[in-house]
Amino acid sequence: MDAQRIRELEKKAHELRVTGLNMVKCARSGHIGGAFSLSEIMAVLYFEKMNIRPEEPRWEDRDRFVLSKGHATVALYPTLALRGFFPTEDLKTFRKIDSYLSGHAEMTQVPGVDMSTGSLGQGLSTAVGMAVAAKQLGKSFRTYAVVGDGELAEGQIWEACMYAGANKLDNLTVIVDSNKVQLDGTVEEILDTGDLESKFRSFGFHVISIDGHDIKQISDAIDEAKETKEQPTVIIANTVKGKGISFMENKCQWHGKTPCDEEFVTAFDELELRRKELEG
Amino acid sequence: MEQIRAKGSKAEDEWNEMLKAYKKEYPELAAEWEAWKQMDYSEALINDEDFWTYDSKATATRNSSGEALNRLADRIPNLIGGSADLAPSNKSYMKNRSDFSGKDRSGSNLRFGVREHAMAAIANGMAAHGRLMPYVATFFVFCDYMKPAMRLSALMKLPVTYILTHDSIGVGEDGPTHQPVEHLAALRSIPNFVVFRPCDSKETAAGWYTAMSRKDSPTALVLTRQNLPQLDMTGRDALKGAYVILDSGKKPEIILMASGSEVHLVYEAGKQLLERGIAARVVSMPSWELFEEQDDAYKESVLPSDVVKRLAVEAASSFGWHKYTGLQGEIISIDRFGESAPAGLLFERFGFTVENVTGKALELLSR
């Protein structure tokens, strides 16, 4: 990936943050922290890697995407809208009555959503089901699942991992948004997940650890996963919760809190500075 | 992005070309692929007498289900599924298929291991993908382990089939940890979720037919471990959720209703009442949800609103039955945890006998 393309995707990630923050401002509700840790990952997946058709969201051979950490709709909806699945105008209806853009995404309502998520732990298993379906039917699409590091406490995650490893689902890429912070504190203080790499490795996964805000590293890891045979891949993306807004970064308070008016002003100012920097 | 699109289109073109060549070379297999794509077997199944005809000897509905499933496996290539380490108990294995594994991708028996929650969520993924008709199996009491995923099947409108066996105190000696009580009420309370508890082989076939023909909702088949007699009047009418299996032909004085393993009890009790000259009606009610989908005229014809003497019998929590029995009705149920003992003895102890049903009915009539 050349420097120009990297810069384009960095800008895209930035646009996702601005769009997401506007969405939350409009709704006066939404999860910013765990969405902003994902911006670069979403930009690379949706604007570079995934084989999808926004004009035909249910196209049978599309790559599947499951946002297992379903509260990160502040990352998902802007991505889908900017990628052309639905009008960006609709983002103003986020979390409002009669809108199709619920707090957590519903597959029966939102074009481009492959699973209704929000019940933590289940998304990865359902992604495994999609990967099994592809193998059984001889289809070549890939399934991507994004899980949170707090979500790894769910037992079902490891039920699914054991199954995916044993069945050699090499068409499955799991991305752990390892932002080290969950709702009630840091992952380390709540229940230290320890050596994640060897945990996943022992479940039969090919493991790649990256800086989850580095476009090139994300892109290379996704490619490496595609090349990996006989094993599912997990990309442990080391990220920063609330990335891009200094007062939110690494703070569990910003898991689901809505900023006050002054905080919104500060946040947009910081994003504007970053925009200028990227335009350079 | 254009590049990606071009790549995708190219792959699709190649696939279409390959399919064309394949159709030419293997017309029969190509026809099977077309059938796969359609995934609509309801019309073919409804008139398929081989699917609806069963042996007349007493058997557990889990056995009937295993039989029905294997008949379906011969007819529906899209079927895929398995159990959470209980295939022999759940009767959920398709004998004409191999096991799916890292080595055999064509297999369609899935051996999940003891992982109910992931199992149900994996089935959701297969159903969400389309083309495949997934089922999963475990003991009914363990539906608690997969309830969040069952709820999502309903929310996501995915036609996943749940085979849930060992459905009551009929489990016997394994005791209260393995005896469902509140589970029927729990599943019946999920929106867009069909619960089907059949009373014999033909009703079990109706349950499977329901599961195979519904496109936008999951179906749970709630099945016995213990043997049940085959009844004469049962069959395709079960697709309406509730129907009359014994009647006096006159305006009913009392209506007896039950699901699954308790239907034969109310049937025998109904016969005793008829012999005494009482205009009793017996209704088999395998599925509340399917009954609620019928029009008002049908519902009124089965449960006329001016018949207020109603007795429901179900070896589970009474929760929810009052809707059908009304304030003047009675329910023989189990509103406590079970016991560890032989199943026959437990049914007696908890009042699930023809004598008790008849006695309760007479008491109700004398009020």
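Numbered from 1 within each chain, the chains take letters A, B, ... in sequence-line order.
For the pair B/Arg131 and A/Glu60, the minimum side-chain heavy-atom distance is below 4.5 Å. Counting heavy atoms from C-beta outward, B/Lys157 and A/Met107 have side chains that stay 4.5 Å or more apart.
A/Ser125 meets the side-chain hydrogen bond (donor to acceptor under 3.5 Å, both in side chains) test with A/Gln156; sequence neighbours excluded. Applying the salt bridge (charged side-chain N to carboxylate O under 4.0 Å, His left out) test to A/Arg17 and every residue at least two apart in sequence or in another chain returns A/Glu40.
Counting all heavy atoms, side chain and backbone alike, B/Ala121 lies closest to A/Thr126 at O-OG1, 2.8 Å. For the residue pair A/Ser116 and B/Leu152, the shortest heavy atom distance occurs at O-CD1, 3.8 Å.
For a residue to count as touching a neighbouring chain, one of its non-hydrogen atoms must lie under 4.5 Å from one of that chain's; by this rule A/Ile157 does not touch chain B. With a 4.5 Å cut-off on non-hydrogen atoms, A/Met115 touches chain B through its backbone and its side chain both. Residue contact with chain B, scored on non-hydrogen atoms closer than 4.5 Å, involves the side chain of A/Glu106 exclusively. For A/Thr108, the part sitting under 4.5 Å from any heavy atom of chain B is the side chain, from C-beta outward, and nothing else.
Screening residues 112-154 of chain A for ring pair (Phe, Tyr, Trp, His ring centres under 6.0 Å) gives A/Phe141-B/His129 as the qualifying pairs, with residues at least two apart or on separate chains.
Inspection of non-hydrogen atoms places B/Ile80 of residues 70-97 of chain B under 4.5 Å from chain A.
Note that CZ of B/Arg105 is 10.5 Å distant from CD of A/Gln136, once rounded to the nearest 0.5 Å.
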**Study point:** Worked verdict on A/Glu159 versus B/Phe112 for side-chain contact (heavy atoms from CB on, under 4.5 Å)
**Key:** CA-CA 10 Å; A/Glu159 291 183 20; B/Phe112 285 104; over 6 Å; no

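Note on B/Ala127, B/Gly130, B/Ala128, B/Gly125: by heavy-atom pairs under 4.5 Å with chain A, the leading option is B/Gly125.
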